[in-house]
Amino acid sequence: QELLPQIRPQDSYAAVDIPAAMLAQGGDALFSALMTELGARFGRIVWDVPPADRTPSARLVCRGVQGVIMVVHAGRTRWQSAKDALGHLQ
C-alpha cells in the first residue's frame, strides 16, 4: 500500500495526512518504512502530532525522530501537564 501520494521530484515540500490509526496499527515497522521513504525524498521532515500524553501515535512518532519540540501555551498549560507529557516522550 502506497503511504505517500505521488510527489514530483521538483517539489520542495509536501503536506501528507497520515491517519493516526494507520500509524498505531502498523507500529514501529510502518513508521520506520515511512521515515525511510520520506528521508529519501526530503532533507527535513516535520511532524505535527497531537498531545503526546493523549495518543499512542504521537508517542510512536516521537520515538522515531531525531528531535522533538514540545509546544505549551503560556499561562494555560499547567506545569504538571507539561511535565507528564514530557515523561511520555522519554
Side-chain angles (χ1 to χ4, degrees):
Q1 168 180 341
E2 176 69 19
L3 295 174
L4 301 175
Q6 294 300 318
I7 300 172
R8 296 181 310 275
Q10 68 270 23
D11 288 346
S12 60
Y13 73 94
V16 180
D17 184 19
I18 300 168
M22 179 188 288
L23 279 179
Q25 183 180 17
D28 290 321
L30 175 66
F31 187 73
S32 178
L34 183 58
M35 286 298 290
T36 299
E37 187 172 346
L38 287 169
R41 297 178 185 207
F42 301 100
R44 289 185 188 17
I45 303 163
V46 177
W47 289 86
D48 181 12
V49 296
D53 61 342
R54 296 189 187 144
T55 60
S57 60
R59 291 188 292 273
L60 175 78
V61 168
C62 291
R63 279 197 316 265
V65 297
Q66 292 177 340
V68 173
I69 297 172
M70 188 170 81
V71 179
V72 296
H73 192 272
R76 286 187 55 190
T77 304
R78 294 181 180 191
W79 174 251
Q80 190 61 46
S81 295
K83 189 175 175 182
D84 290 346
L86 185 59
H88 285 287
L89 299 177
Q90 296 176 333

**Student:** What are the two closest heavy atoms between Ala82 and Met70, and how far apart are they?
**Tutor:**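 Smallest interatomic distance, heavy atoms only, reads O-CE, 3.4 Å.
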**Student:** If you round to the nearest 0.5 Å, how far is CG of Asp28 from CE of Met35?
**Tutor:**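 Reported value, rounded in 0.5 Å steps: 12.0 Å.
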**Student:** Rounded to the nearest 0.5 Å, what separates atom CG in Leu34 from atom CH2 in Trp47?
**Tutor:**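 The distance works out to 4.5 Å.
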**Student:** Nearest heavy-atom pair of Pro50 and Ala58: which atoms, and what distance?
**Tutor:**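 That closest heavy-atom pairing would be O-CB, 3.4 Å.
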**Student:** Determine whether Val72 and Trp79 make a side-chain contact, defined as any pair of heavy atoms from C-beta on separated by less than 4.5 Å.
**Tutor:**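 Sidechains of Trp79 and Val72: no contact.
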